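A quick note: this is a predicted structure, and the numbers were derived from the prediction, not measured. Naming convention: chains lettered A, B, ... in sequence-line order (proteins, then strands); numbering from 1 in each chain. Worth knowing before you read on, the calculation uses all heavy atoms, side chains too, and leaves out hydrogens, waters and symmetry mates.
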There are 2 protein chains.
Amino acid sequence: MTAMLPSAPPRKRAPSARALATRQRVFDAAEQVFARQGFDGATIRDIAAAAGEPVGTIHHHGGGKEALFHATVARRADTLSRARLDALARLRATDELTPDGLLRAFMQPFFALSRDDPRWRDYARLVAFVSTDDRWRAISASCFDPTAQTFMDALHQRRPDASRSRIAEAFVFSVSAMLALLTSQGRIAALGGTPVPEDQQFDHLIHFCAAGFAA
Amino acid sequence: MTAMLPSAPPRKRAPSARALATRQRVFDAAEQVFARQGFDGATIRDIAAAAGEPVGTIHHHGGGKEALFHATVARRADTLSRARLDALARLRATDELTPDGLLRAFMQPFFALSRDDPRWRDYARLVAFVSTDDRWRAISASCFDPTAQTFMDALHQRRPDASRSRIAEAFVFSVSAMLALLTSQGRIAALGGTPVPEDQQFDHLIHFCAAGFAA
DNA sequence: GTCTATATGTAGATAGAC
DNA sequence: GTCTATCTACATATAGAC
């Protein structure tokens, strides 16, 4: 992902610390606005306002609206994948490759990161948009599918009798439920009164999905 | 829902058959375009092109973009709710109020309608947009929440030990999975090779969610 | 009810000063 | 790299002829 092709032109020089800070403000603002309003609902001007930067700066760092969206999604994807694969490696060390443990390893990093940094909560909304819109299938394929396949391989080994497509169905159901929990607290509250703490909700999610896999 | 307040002004006269046909073309087109592109991604011009009508006609029948969206969602909501509640009534007659049966009664109508009429498939996408965007919370609350509450009541009776919020969580997980199956065939295919027939996928969905409720 | 023409606002993108 | 000013296109909405 971070490897550079030999033919790639070398950068002129390292960007200044100030430029890097501006760049980060731009991407943080894009993340927030895209997450709240979606790709079509967001405007470059909204992002500029959120970043406290002029409109031209957004274009300079983002390279156009679509490229900015793509880069915003890709920015945190490596961190998320690594956290998931690390959790999987730790799980393999304990030899507890149950559906429960595997789902926990896949989902827990997202919740842990969201708890520590509200920008990860925005990122979850962004991922939900990307996952449900065929228009961004290519982004999903490059940012999320490889790790998903790794976990599906492990889940499939536990249930060699099930077909691959059946594993994929159950995995999509589980990811949908996970994203619903991360992004639709309002919906849960509207239907069920006062919600419980998120740690508990996370345990409920794992139980729900693990039971589904066991069935 | 269809009741009219006493103070409502009476319509001048019944609309002509031709006007009714135009009106239906407008709403069918709106449904298709909103479903494919979302509220912000859709334009009145796209809808006009899909309907084969001039732009002004869309405004005349729809009453502005937002009102048109709301009316498009509401148009099929009664049919869907009635089908769900009828299935629930039939279930009560057989006295098989298991989570499996209840989830089947709630979800099956959507799949049956989608199989017979592709416009219901578009409607499913539209419902997915509405369900995941807090901006349309009011539409969800009026169109879908009452029926959802009825089914949650029945599910809660089967598990009086569980808290209401826990039932709501599991219900949201289940609905998310259902909408994923109705709208994200491409996602499942991308992750799991050749998918199985939809009847089978539906059974898998029910098993997955029922197991989650049982846990 | 239907359709054309138009008013008004705002979108994404860029050119060029600093 | 940063910021201002502006270009061009297209959005929603409406007014008024038919």
Side-chain angles (χ1 to χ4, degrees), chain A residues 9-73 75 129 133 135-136, chain B residues 9-73 75 129 133 135-136:
Chain A
R11 292 196 195 280
K12 294 302 165 75
R13 64 175 144 249
S16 70
R18 184 168 181 280
L20 278 177
T22 301
R23 188 181 175 78
Q24 192 185 334
R25 267 200 309 282
V26 168
F27 278 91
D28 283 348
E31 181 172 74
Q32 187 176 97
V33 174
F34 279 136
R36 289 193 196 341
Q37 302 171 217
F39 179 80
D40 294 310
T43 71
I44 300 285
R45 285 170 164 80
D46 291 335
I47 295 169
E53 297 287 341
V55 175
T57 300
I58 311 300
H59 271 99
H60 178 76
H61 287 285
K65 191 181 180 184
E66 199 147 337
L68 175 60
F69 183 77
H70 194 304
T72 303
V73 177
R75 182 171 66 140
F129 276 120
D133 192 337
R135 180 182 186 184
W136 311 119
Chain B
R11 292 197 196 278
K12 294 302 163 81
R13 62 174 147 250
S16 70
R18 185 169 179 280
L20 278 177
T22 302
R23 189 182 173 76
Q24 191 185 332
R25 268 200 308 282
V26 168
F27 278 92
D28 284 347
E31 182 173 73
Q32 188 177 97
V33 174
F34 279 136
R36 291 198 200 326
Q37 302 171 217
F39 179 80
D40 294 310
T43 72
I44 300 286
R45 284 168 158 76
D46 292 335
I47 295 169
E53 297 287 341
V55 176
T57 300
I58 312 301
H59 271 98
H60 178 76
H61 287 286
K65 191 181 180 184
E66 199 147 337
L68 175 61
F69 183 78
H70 195 303
T72 303
V73 177
R75 181 172 67 139
F129 275 120
D133 193 338
R135 179 183 185 183
W136 311 119

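- Here the shortest heavy-atom pairing between Phe129(A) and Phe34(A) reads CE1-O, 3.7 Å.
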Handout entry: Contact state string [nucleotides 2-8 of chain D, B base, S sugar-phosphate only, - no protein heavy atom under 4.0 Å]
Key = BSB----
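- We find that CD1 of Ile47(A) is positioned 11 Å from P of dA13(C), with the value rounded to whole Å.
- We find that CG of Asp46(B) is positioned 7 Å from P of dA11(D), with the value rounded to whole Å.
- Among the duplex regions that DNA chain C forms, those built from at least three successive Watson-Crick or G-U pairs under 3.5 Å are C:1-18 with D:1-18, ordered by first number.
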Exercise for the section: Go through the steps to decide whether Arg36(A) and Asp133(B) satisfy the test salt bridge (Lys or Arg N to Asp or Glu O under 4.0 Å), and finish with yes or no. Expected result: CA-CA 9 Å; Arg36(A) 289 193 196 341; Asp133(B) 193 338; over 6 Å; no
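- Of the listed residues (Arg25(B), His60(B), His61(B)), just one forms a side chain to side chain donor-acceptor pair (under 3.5 Å) with Glu53(B), and that residue is Arg25(B).
- Among the nucleotides dA11(C), dG1(D), dT14(C), the one closest to any side-chain atom of His59(A) is dT14(C).
- The closest side-chain heavy-atom distance from Asp46(B) to Thr43(B) is below 4.5 Å.
- Partners of Arg23(B) according to the salt bridge (Lys or Arg N to Asp or Glu O under 4.0 Å) rule, which considers only residues two or more places apart in sequence or in another chain, do not exist here.
- Whole-Å rounding puts the Glu66(A) CD to dA11(C) P distance at 18 Å.
- Separating the CD1 atom of Ile44(B) from the P atom of dT14(D) is a distance of 11 Å, rounded to the nearest angstrom.
- Counting to the nearest Å, the P atom of dT14(D) and the NZ atom of Lys65(B) are 15 Å from each other.
- Here the P atom of nucleotide dC10(D) and the CG atom of Asp40(A) are 15 Å apart, to the nearest Å.
- Pairing each heavy atom of Thr72(B) with each of Ala30(B), the nearest pair is OG1-CB, 3.7 Å.
- Using a 4.0 Å heavy-atom distance criterion, Ala42(B) is classed as a sugar-phosphate-only contact.
- Counting heavy atoms from C-beta on, the side chains of Arg75(A) and Glu31(A) come closer than 4.5 Å.
- dA11(D) atom P lies 15 Å from atom CG of Leu68(B), rounded to whole Å.
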